[in-house]
Amino acid sequence: MRADRSAATAVTAQQRNILVVGGGGREHALAWKLAQSPQTACVYVAPGNGGTATEPGVENVPIAATDIEALVAFAGEHAIDLTVVGPEAPLVAGIVDAFEAAGHKCFGPRRAAAQLEGSKAFAKDFMVRHGIPTAQYRTFHGLDAALDHLQQVGAPVVIKADGLAAGKGVILAEDLATAEAAVRDMLTGNRFGAAGATVVIEEWLRGREVSYIALVDGSHILPLASSQDHKARDDGGRGPNTGGMGAFSPSPLVTPALEQRILDEVMRPTMAGLAADGLPYVGFLYAGLMITEDGGPRVLEYNCRLGDPETQPILMRLDTDLLTLIDAALAGALDQAVAEWHPQTALCVVLAAGGYPGDYERGVPIQIAPDATGAKLFHAGTRLRDSVLESDGGRILCAAALGDALEDARRRAYRALQSVALPGGFYRRDIGRENV
Ligand code: AMP
Ligand code: GLY
């Protein structure tokens, strides 16, 4: 009896409590994966969603992802050994600095390094300073100078609000009138608040987009599997930009030769440039890349976090314990870590609320029938209210499936989506097809 009990205690003593910050599909996937680790006792998710509420080994905590003070207090009270941050807002606001100051481990870049995503002007200046390929650009604070510049460069042209704008701060302007309206809106309207007080006007790059995400420990890079997402709302790559309507991994565009170029021309210079600027980067680093006609990668944007929905197919393919990889990154030992990837392709399709990415209704009941396809439903904008699942966001959930080839994974993910009924909901029919 006694021997048994102490053996059980020994196992428990090694197990750790993890806190995942965020409440989207990416965080559901992170919590699901971390809960599979033999090293994990409980995975808390703040605030989580209707999917994490019922995920085995996972518990929701009613604290907003941006309430850093309450999250630090929770970590102290619940013996949290490691916090993993999903979204950019708390990272840009300095959640890692706050956790470190309180003596808690928190995985992600500190506030100063998270500017790479928090300020597009900072990111552009950084890339120029370190010779990292990106679109030609100029930064403006004043309306007259910005309008003069638009007259000189003409359309098509891309206008970006400097700060975080929840994925809505980028306008791809086909004509000058649209470009001028966007610049006016950002610099004199109040649509983007402080995020729009500075605008970046940049060259419109043509090519194919790839999401390249890696774990970074300050000195080493461990690439995750490649992926692509579909940002446009409608089939054929049409309609307004969204946070992402579906994704798949690996990306057939990322050949070994291209991957080498991405590492040599983008990822390593980015990590080294940050270190040289006194901003050592630890966390997930996401480069949104345009692979232009000459075959070279150019950086469209950096994200200081995992992609959503790219994380969902990427983590479905990860055969290694994610906790072990994050530990290696926090220890500065990613050069000794190996990530094993399932050889199959993974693909996810997002079900969105009618009206998304514009206004949409919340509180719409969602029915999910039992599904035998082996696919996984990762929730995003859902909540459980009195045991009833209802909508609570624009992107509701995604169906993610593995398959022997892209087409096979597609078929399974779409079949799994048939088990979900959301009045007014919609999804793209061509995830994984040509027009990304
Ligand atoms: P960003 O938030 O900067 O990634 O922009 C959102 C999306 O706008 C990107 O994923 C691209 O599809 C598109 N985009 C951004 N910058 C450019 C550019 N310079 N040329 C073409 N497309 C762009
Ligand atoms: N799917 C794009 C992003 O996470 O930024």
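Small disclaimer: the values here were computed from a predicted structure and weren't measured. All ligand and atom numbering here is 1-based and tracks the order in the structure. Along the sequence shown, residues carry numbers from 1.
- Within the structure, ligand 2 lacks Gly244 among the residues with a heavy atom less than 4.0 angstrom away.
- For ligand 2, the polar-atom distance check against Glu301 finds no nitrogen or oxygen pair separated by under 3.5 Å.
- By the criterion of a heavy-atom distance under 4.0 Å, neither the backbone nor the side chain of Arg26 is placed next to ligand 2.
- For atom 1 (N) of ligand 2, the nearest non-hydrogen atom of the protein is Asp229 OD2, 2.6 Å.
- Note: an N/O pair closer than 3.5 Å links Leu205 and ligand 1 by distance alone.
- Polar contact with ligand 2: absent for Lys231 (N/O pair, distance under 3.5 Å).
- Numbered from 1 in the order shown, with element, the atoms of ligand 2 that lie under 4.0 Å from a heavy atom of Asn303 read 5 (O).
- Of the heavy atoms in Val170, only side-chain atoms (C-beta onward) come closer than 4.0 Å to ligand 1.
- Ring centers of Phe284 and Phe107: under 6.0 Å apart, within the cut-off.
- Residue contacts with ligand 2, taken as heavy atom pairs separated by less than 4.0 Å, do not involve Glu209 at all.
- Ranked by closest heavy atom to atom 14 (N) of ligand 1, the top entry among Leu172, Asp229, Val299 is Leu172.
- Some N or O of Glu209 is nearer than 3.5 Å to an N or O of ligand 1, by distance alone.
- Atoms of ligand 1 found under 4.0 Å from any heavy atom of Lys160, numbered from 1 in the order shown, are 3 (O), 15 (C), 16 (N).
- Ring geometry, Phe126 versus His130: the interplanar angle falls from 30° to 60°, so the pair is classed tilted.
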